[in-house]
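First up is the structure itself, then whatever we jot down about it.
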Amino acid sequence: EIHNLGHVTGIDKTEQQSDWSLPELSESQLQYAAIDPLVTIRKASELLPQIPRAVYDLWRDAIPILAKSTLSGQSFNWGGHAELLNSWEKKKHNLLHALDTHMPNLNPNSGQQIGEWLKDNLDATVLDNWPKTDTGRLSTNASTLTLFGNLPAIAPLLQYKKVQKLINTYGKGDNKHKHILTSNLHPQYQIGRTRTGRLACSNPNTQQVPSSSDFRSLFIAPPGMTLVSADFSQIELRVAALLSGDLNMIDSYAAGIDLHAKTAASVGGIAISEVTPAQRQAAKPVNFGVLYGQQPPSLVQTAKTSYGVDMTEDEARMALLHFGKAYPQLNRWQRDMREQARETGKVSSKSGLVRDFHVQGGGYINGEAVNMPVQATAAEVLLASLKRITKPLYGTVHDEITTCVPLDETEEASNELKTAMVEGFMQIFPNGEKLLKGLVEVKTGSNWAQVH
């Protein structure tokens, strides 16, 4: 019986791989078949009381369509993938040759050797500003190298690091996930595995792939089919606007004003009509950095590595100051969240998912206190949308949902996606009518690069 299982956290899965086609099952097979569902029930009885009903309903309702997505899989251009992998290997070979000339006798895969080379070859001023690991060594990961990628001494090493990752993760790594029968990728989605409630994905993780069109174009629609993809425009900013009740943000969205341009205008002290594309791009890391609770040093790094924007710490500090003045209610709400996290150790999403810093670890409490409620609520909007979709799901990436349908169903699928996502948003935010303008953008195409 269930109460006799004790505090079982897992059982031996050996019998899962045994031969279940035998005319007569073994005693160990019968025991496994009996205890496996009982353990699930036991764990459910322990865990369900910890999950708010609204959150559980969202998770439960999304499971069927995610399961169907895993079963059908994603069509993939393996011939194009082999050609791309070959081009990466050639590039790696050329870079190794260049590195051998530039950095003789150095193993580019050794962080220790790279660190020693940096100490011997870089100016003291650069070394003083170089990020360090917890052990005091110079950091040599790709993100750090990107910050100094403009230095001639660093550029070839950075290129090598990037190509090596492409080969290992998206070249040889993806080859392991080609299904023997379907030749598709069959990524598996996990619900409730992250602290923010975001969907997790593995085997392979197609939620995180290179943004380059040469790779994304490998994800294709089968013959006679097309991809229809819809994404929430600036969903986390919209969620932050509603959670904080910031009228400046809400009214901007209601009027159809681009928030990146508005922030750029606030930072630059100019009219929105005068904002240049470069200024708008520079406002993106500020907008999203604020949502992650970033301080000037981390904002400088994110601006460079994720958006290609060069920014000094003083510029980052002033940008954050102007942001706070432009959106005072959001600024006040974030202060309240930080104070709540310090006093109670908890913050939560709109539907009640709790981030408990006492139980789950402190982490970066100031940042997570303001980001978790936003990111988790945005995830709930997406989950609420998924249950409304009837078309075959091709995949989902945080704020994006993609279906794969026959060519003659393109318009129907586009309308269904947009309706489902608007209704999902309204389920979480019944008072969110003002933020519906431009909420969902739909694209169609024969591959993922065309719809992303």
Side-chain angles (χ1 to χ4, degrees), residues 48 50-66 191-192 194-199 230-259 262 287-288 290-291 327-334 336-337 340 346-355 369-391 393 396 398-401 414-442:
L48 284 178
Q50 303 175 36
I51 305 172
R53 182 62 196 223
V55 175
Y56 171 77
D57 288 346
L58 288 169
W59 292 355
R60 179 201 60 205
D61 293 344
I63 288 175
I65 192 166
L66 292 172
I191 296 178
T194 65
R195 290 173 176 173
T196 61
R198 266 188 169 185
L199 290 174
D231 73 276
F232 287 109
S233 175
Q234 302 177 12
I235 184 61
E236 291 190 350
L237 287 169
R238 294 175 192 263
V239 167
L242 288 169
L243 290 179
S244 65
D246 192 288
L247 295 179
N248 286 349
M249 297 179 75
I250 293 172
D251 290 344
S252 294
Y253 279 118
I257 296 174
D258 174 33
L259 211 69
K262 181 178 175 66
N287 279 342
F288 295 122
V290 168
L291 297 187
Y327 311 112
Q329 288 168 288
L330 174 61
N331 194 32
R332 190 179 307 116
W333 176 82
Q334 289 188 320
D336 292 342
M337 288 298 99
Q340 176 180 317
K346 297 179 181 180
V347 291
S348 62
S349 69
K350 182 73 164 58
S351 299
L353 181 66
V354 175
R355 167 69 166 100
V370 298
N371 178 249
M372 183 277 174
V374 173
Q375 194 176 125
T377 303
E380 291 163 1
V381 170
L382 183 127
L383 289 171
S385 304
L386 285 177
K387 73 174 184 180
R388 293 173 161 84
I389 296 173
T390 62
K391 300 296 183 183
L393 183 65
T396 178
H398 302 319
D399 58 357
E400 175 186 330
I401 301 174
S414 299
N415 292 333
E416 178 182 288
L417 266 183
K418 188 168 185 178
T419 299
M421 293 169 78
V422 169
E423 290 180 355
F425 183 82
M426 291 300 294
Q427 176 182 327
I428 305 302
F429 290 107
N431 62 335
E433 297 92 343
K434 287 188 175 182
L435 279 79
L436 295 182
K437 184 176 291 186
L439 174 66
V440 181
E441 299 175 353
V442 182

So how far is it from [X] [atom1] to [Y] [atom2], rounded to the nearest 0.5 Å?
X      : Y      : atom1 : atom2 : result
Asp61  : Leu66  : CG    : CG    : 11.0 Å
Leu417 : Lys391 : CG    : NZ    : 10.0 Å
Gln375 : Ile235 : CD    : CD1   : 12.0 Å
Leu259 : Leu237 : CG    : CG    : 5.5 Å
Lys350 : Leu242 : NZ    : CG    : 8.5 Å
Leu243 : Ser349 : CG    : OG    : 9.0 Å

Any sub-3.5 Å donor-acceptor pair from [X]'s side-chain atoms to [Y]'s backbone N or O?
X      : Y      : answer
Glu380 : Ser351 : yes
Gln427 : Val381 : no
Arg238 : Ser233 : yes
Glu236 : Phe288 : no

### Task
Assess the side chains of Asp258 and Gln234: does a donor N or O sit below 3.5 Å from an acceptor N or O?
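Side chains of Asp258 and Gln234: pair found under 3.5 Å.
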
Pairwise side-chain contact, [X] with [Y], heavy-atom cut-off 4.5 Å (strictly under):
X      : Y      : answer
Leu199 : Ile191 : yes
Gln334 : Met337 : no
Arg195 : Met372 : no
Asp246 : Pro328 : yes
Glu416 : Thr390 : yes

#### Entry: Partner residues of Asp336 under the salt bridge (charged side-chain N to carboxylate O under 4.0 Å, His left out) criterion, sequence neighbours left out
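With neighbours one apart ignored, the set is empty.
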
### Query
Has Lys418 got more than 12 heavy atoms of other residues, nucleotides or ligands less than 6.0 Å from its NZ?
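At most 12 heavy atoms, drawn from other residues, nucleotides or ligands, come within 6.0 Å of this atom.
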
#### Entry: Partner residues of Phe232 under the ring-ring contact (aromatic ring centres under 6.0 Å, His included) criterion, sequence neighbours left out
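If we apply the ring-ring contact (aromatic ring centres under 6.0 Å, His included) test to Phe232, skipping adjacent residues, there are no hits.
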
### Task
Tell me, please, which residues at least two apart from Phe429 pass ring-ring contact (aromatic ring centres under 6.0 Å, His included).
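Counting only residues at least two positions away or on another chain, Phe429 forms a ring-ring contact (aromatic ring centres under 6.0 Å, His included) with Phe425.
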
